[in-house]
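A note on names: the letters A, B, ... follow the listed sequences, proteins ahead of strands, and every chain is numbered from 1. Heavy atoms only: backbone and side chains are in, while hydrogens, waters and symmetry mates are out.
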Amino acid sequence: MSKYDIFFHKISLIISLALLWIMLSGHYTPLLLLLGLLSVIIVTIISSRMGLITFDQPILQLYFIRFIPYGIWLIGQIMKSNIDVCKRILNPNLPINPCLITLHLSQASTFAKVVYANSITLTPGTISIDLEDSSVEVHSLSATGAEGLKTGNMDKKITHAEAAPYV
Amino acid sequence: MIVIYINIIILFLLIITSIAINQQDNLFAATMLTGIFSLLSASLFVCLDAVDVAFTEAAVGAGIALILFLGTLASIKYKEKVKNKVSVSGLLLVIPTGFLLIYGIHDIPSFGALDNPVQTYLADRYITGSSKEIGIPNLVTSVLASYRGHDTLGEVTVIFTACIGVLMLLGRSRGDYRGIVDKEES
Amino acid sequence: MEHHLVLSVVARIIIPLIMLFGLYVQFHGDYGPGGGFQAGVIFASSFILYGIIFGVKKLRSVVNPTIVRCLAAFGVLLYIGVGVVGILKGGEFLNYNLLSKTSEVGQHIGIMIIELGVGITVASAMIILFFAFAKP
Amino acid sequence: MSNIDIISGALIVAGSLSIVVGLLGVYRMPDFFTRLHAASVIDTLGTILILSGLILYQGFNLVSVKLLLILIFILITTPTAAHALAKSALHGKIKPILGDD
Amino acid sequence: MFEISTFIILFSMFLALVSAIIGKTVYDKILAVNIFGTVTVLFIALFGFLTKRPEFLDIALVYALINFISTIAILKFFEYGDMSSSSIEKEEGDI
């Protein structure tokens with residue numbers, strides 16, 4: 001990781017922490033803003049000591065912005081599969097057909113892989129149970145959920161969001 | 001009115017949880033139920049309008065307490081030795097004490113009543129005086145840090161002392177510690 | 001647990017946020033719920049999360065246990081120091097009114113400093129406890 | 001009672017009912033992994049509906065920003081915990097019940 | 001509306017508590033505690049609106065941020081038997 005990247009990540013961390021402080025605080029007196037600046041600097045120093053900033057791929061808080069369109073799409077998917085799972089639970093026959101499938105990952109960065117795994121877990125009906133470097137093992141409640149993942153729609157969306165230009 | 005019903009329900013859940021904790025012989029499961037107990041008591045404090053206490057319970061219960069319990073479990077056995085025998089002398093002690101405590105309830109002023117001793121002069125003094133004398137919005141902080149500053153100093157000292165105590169007990173390396181336990185067991 | 005990919009990435013994202021939230025609670029004790037004790041515990045729990053996921057050895061290289069022990073004592077000393085300043089200015093122990101020209105500003109400064117002392121002591125005490133319980 | 005209040009109230013009640021449905025699923029499901037699916041109904045549908053109902057009720061101000069932050073943090077942390085739980089259970093002695101497909 | 005859903009949530013707290021008590025394996029119990037945590041966050045957020053005092057939200061925020069620490073600590077403890085090891089030192093069976 002080059003010096004430029006680390007610098008960019010530090011700036012990104014500082015900006016996102018400052019945004020978080022402004023959202024939390026609600027009191028914008030000079031004293032509290034000064035304390036906020038101090039806190040952001042302390043947290044940045046400790047995070048870089050912990051090695052949270054150096055990471056093999058561009059991950060950090062501001063990077064989330066790229067994933068906002070994806071997140072909105074994801075919430076729609078979550079709602080859809082929630083209705084499906086709720087129907088299955090409320091059905092007296094409990095029509096479930098659990099299966100394990102292995103999916104191939106096409107993302108380059110670890111962060112995008114983790115986003116993919118967590119999106120799978122967030123969508124009810126499918127849970128990622130093992131994330132390796134190039135594949136993810138998924139437990140699915142029904143065959144339809146597994147089919148939906150096998151079409152690779154979510155995979156493509158994340159790869160697309162990952163490759164988007166820097167904000 | 002509705003808050004009182006919520007309080008009663010949460011108290012009921014707390015009772016169930018504590019009985020369940022008592023009945024577990026697997027200490028691991030008991031630890032997890034303790035986590036639920038902490039979540040419930042935080043909700044109860046929220047219902048009783050004790051925001052700062054609820055905050056403390058939330059932070060300590062979610063962040064630290066369970067981890068310290070697990071750390072303790074790591075150095076002891078998971079299963080509790082169950083004694084099925086009912087101890088008669090203990091029962092003789094516990095039942096009269098319980099009755100005495102219930103009898104004592106009659107002397108305590110009723111819950112939330114306006115003419116409680118604590119609300120007649122002290123709370124009034126804090127509520128009216130605080131904004132003039134201290135000038136910060138959160139009353140709890142001004143009581144804790146300013147009116148009762150000596151108490152808080154005592155509390156901090158207690159935490160510090162407890163920390164030193166734990167260090168004296170567990171501070172040496174685990175190897176020595178294990179050695180002692182093994183010798184005692186063999 | 002470091003090569004548990006999901007946990008390590010999520011921890012990298014969430015640890016700074018927990019730390020910042022702890023400091024927010026520390027400095028907003030005057031306005032909302034919270035204060036030194038809660039802030040110290042939340043701040044320390046971010047270190048504990050780091051220790052759980054990346055190992056105590058790494059945590060030890062980030063925060064030196066000796067320095068943490070000194071900080072625990074420093075917090076108490078800071079609290080007592082504010083009290084002693086009150087005596088030196090000709091008042092009673094822990095009299096904040098004398099810390100500044102007007103009593104209101106003095107109270108504000110005094111409360112903020114002693115809350116900071118409480119926060120430092122509690123955070124260090126929790127980290128020390130974690131070190132003591134999680135021996136390598 | 002305005003329209004927005006009615007919509008937000010409906011969202012909140014629907015969210016709390018979905019929590020009950022999720023818990024019903026936890027009771028009905030045959031093994032641990034399928035129970036995790038039912039639990040994720042609570043973590044997603046329940047939180048999204050209730051918190052978005054509260055945001056709608058509140059309108060846009062600092063409180064609703066905090067509600068949004070709670071929603072985001074829950075959506076980050078709960079799948080992580082569920083994933084860790086599932087992985088740990090798979091490495092433990094628990095074998096998932098698989099259907100015939 | 002708030003009243004109805006508060007009581008429904010209290011009822012689901014009861015259900016989660018029962019499932020924690022009757023859960024057979026350790027994982028079931030951890031799952032129940034996890035569910036209970038989420039439900040508590042929602043309860044505290046709702047209660048703040050019920051009593052028209054939304055400053056309770058800070059508590060819900062604390063739980064949303066740090067409640068999963070205890071879950072992960074339990075899992076780690078269950079795999080390794082203590083808190084200290086990182087998986088670099090101990091290769092077999094990472095969590």
Trainee: Show the numbers, then the answer: is there a side chain to side chain donor-acceptor pair (under 3.5 Å) between D/Asp43 and D/Ser40?
Mentor: CA-CA 5 Å; D/Asp43 289 343; D/Ser40 81; over 6 Å; no

Trainee: Between E/Asn34 and chain D, which part of the residue has a heavy atom less than 4.5 Å away: side chain, backbone, both or neither?
Mentor: side chain

Trainee: Mind telling me whether E/Phe49 and D/Tyr57 have parallel, tilted or perpendicular rings, with 30° and 60° as the class edges?
Mentor: perpendicular

Trainee: Please lay out, stage by stage, how D/Asp31 and D/Thr34 fare under the test side chain to side chain donor-acceptor pair (under 3.5 Å).
Mentor: CA-CA 6 Å; D/Asp31 79 326; D/Thr34 45; 2.6 Å; yes

Trainee: Which one wins on heavy-atom pair count under 4.5 Å against chain D: E/Val39, E/Thr71, E/Leu46?
Mentor: E/Leu46

Trainee: Is the closest side-chain heavy-atom distance between D/Lys66 and E/Asp58 below 4.5 Å?
Mentor: yes

Trainee: Relative to chain E, which segment of D/Val63 carries a heavy atom at a distance below 4.5 Å: side chain, backbone, both, or neither?
Mentor: both

Trainee: Within a reach of under 6.0 Å around CZ of E/Phe14, are more than 12 heavy atoms found that belong to other residues, nucleotides or ligands?
Mentor: no

Trainee: Return each pair, listed once, that meets salt bridge (Lys or Arg N to Asp or Glu O under 4.0 Å) where at least one residue sits in residues 6-17 of chain E; pairs must be two or more places apart or across chains.
Mentor: none

Trainee: Using a cut-off of under 4.5 Å for heavy-atom pairs, which of D/Gly22, D/Ala89, D/Ala81 has the most such pairs with chain E?
Mentor: D/Ala89

Trainee: What part of E/Thr6 lies closer than 4.5 angstrom to a heavy atom of chain D: side chain, backbone, both or neither?
Mentor: neither

Trainee: Between E/Val18 and chain D, with a heavy-atom cut-off of 4.5 Å, which part of the residue counts as in contact: side chain, backbone, both or neither?
Mentor: both

Trainee: Is D/Ser16 reaching over with its side chain to a backbone N or O of D/Val13, donor-acceptor style, under 3.5 angstrom?
Mentor: yes

Trainee: Determine the option with the most heavy-atom pairs under 4.5 angstrom with chain D, choosing from E/Thr38, E/Leu31, E/Ile9.
Mentor: E/Leu31

Trainee: Taking atom types as modelled, find out whether E/Asp28 and E/Thr25 have a side-chain donor-acceptor pair closer than 3.5 angstrom.
Mentor: yes

Trainee: Quick check for you: among D/Thr47, D/Leu17, D/Leu51, D/Ile70, which has the greatest number of heavy-atom pairs under 4.5 Å with chain E?
Mentor: D/Ile70

Trainee: Go through the atoms of E/Tyr63 and report whether side chain, backbone, both or neither lie under 4.5 Å from a heavy atom of chain D.
Mentor: neither

Trainee: Is it the backbone or the side chain of D/Ile50 that comes under 4.5 Å from a heavy atom of chain E, or both, or neither?
Mentor: side chain

Trainee: Using heavy-atom distances under 4.5 Å, tell me whether E/Ile35 contacts chain D through its side chain, its backbone, both, or neither.
Mentor: side chain

Trainee: Which bit of E/Ser19 is near chain D, if near means a heavy-atom gap under 4.5 Å: side chain, backbone, both or neither?
Mentor: both

Trainee: What's the spacing between D/Met29 CE and D/Leu36 CG if we round to 0.5 Å?
Mentor: 11.0 Å

Trainee: By a 4.5 Å heavy-atom criterion (distance strictly below it), what part of E/Asn67 contacts chain D: side chain, backbone, both, or neither?
Mentor: neither

